[in-house]
Every structure is written in C-alpha cells, then in structure tokens.
Amino acid sequence: MVMSNSDRKLLEFLHKELQISQEDIDVALKHPELNYGPLPMLLWQYGLVNLQQLEKIFDWLAEQT
C-alpha cells in the first residue's frame with residue numbers, strides 16, 4: 001500500500017493524539033474493506049475507536065483541507 005503524505009499525517013494523529021496502538025491501526029489497514037471505505041469508519045466499525053474519537057478524527061480531517 002502506497003501512502004500519501006496526508007495518509008501518514010492521519011496515522012500519526014491516530015497514534016499520537018488518540019493513543020490508538022499501532023497494532024490496532026495495522027488491523028484496520030490489513031482489511032480489504034479499506035478499499036471501499038475510509039479508515040476512520042473502519043476503525044469505528046471494528047470497535048477500535050469510539051464515537052467521540054471518531055468525531056475528533058473527522059474534525060482533524062476537516063482542519064487539514
């Protein structure tokens with residue numbers, strides 16, 4: 001999987017700011033569903049982030065644009 005700079009920044013945010021473990025991030029990245037939906041939604045669907053964290057992720061993404 002080739003990652004863009006914005007993808008790397010998102011992963012860094014998830015790890016550093018939300019304290020999501022690298023193992024949890026890796027679980028979501030390995031699922032084929034990633035091709036069909038955004039990473040934050042997959043993290044939520046698999047129970048790796050709660051709704052409050054999901055909202056923070058979307059807020060952060062909105063600030064990046």
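When a residue number appears, it is its place in the shown sequence, counting from 1.
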> Between atom CD1 of I57 and atom CG of L10, what is the distance when rounded to the nearest 0.5 Å?
Replying inline: 7.0 Å

> Is the backbone of W60 close enough, under 3.5 Å, to the side chain of E63 for a donor and an acceptor to pair up by distance?
Replying inline: no

> Of the non-hydrogen atoms in D24 and L48, which two are nearest, and what is the gap between them?
Replying inline: O-CD1, 3.4 Å

>> Quick check: closest heavy atoms across V49 and P40, and the distance to 0.1 Å?
In response: CG2-O, 4.3 Å

>> Give me the atom names and distance for the closest heavy-atom approach of F13 to K56.
In response: CZ-O, 4.0 Å

>> Would you say CD of Q22 has more than 12 non-hydrogen atoms from neighbouring residues, nucleotides or ligands within 6.0 angstrom?
In response: yes

> So which heavy atom on M41 is nearest to which on L54, and how close?
Replying inline: SD-CD2, 4.1 Å

> Side chains of L11 and L39: closer than 4.5 Å at any heavy-atom pair?
Replying inline: yes

> About how many Å separate CG of L14 and CD1 of I20, when rounded to the nearest 0.5 Å?
Replying inline: 4.5 Å

> With E12, which residues qualify under salt bridge (charged side-chain N to carboxylate O under 4.0 Å, His left out), at least two apart?
Replying inline: K16

>> Using 0.5 Å steps for rounding, measure from the CD atom of Q53 to the CD atom of E17.
In response: 12.0 Å

> Where do N50 and W44 come nearest, in terms of heavy atoms and distance?
Replying inline: C-CD1, 4.1 Å

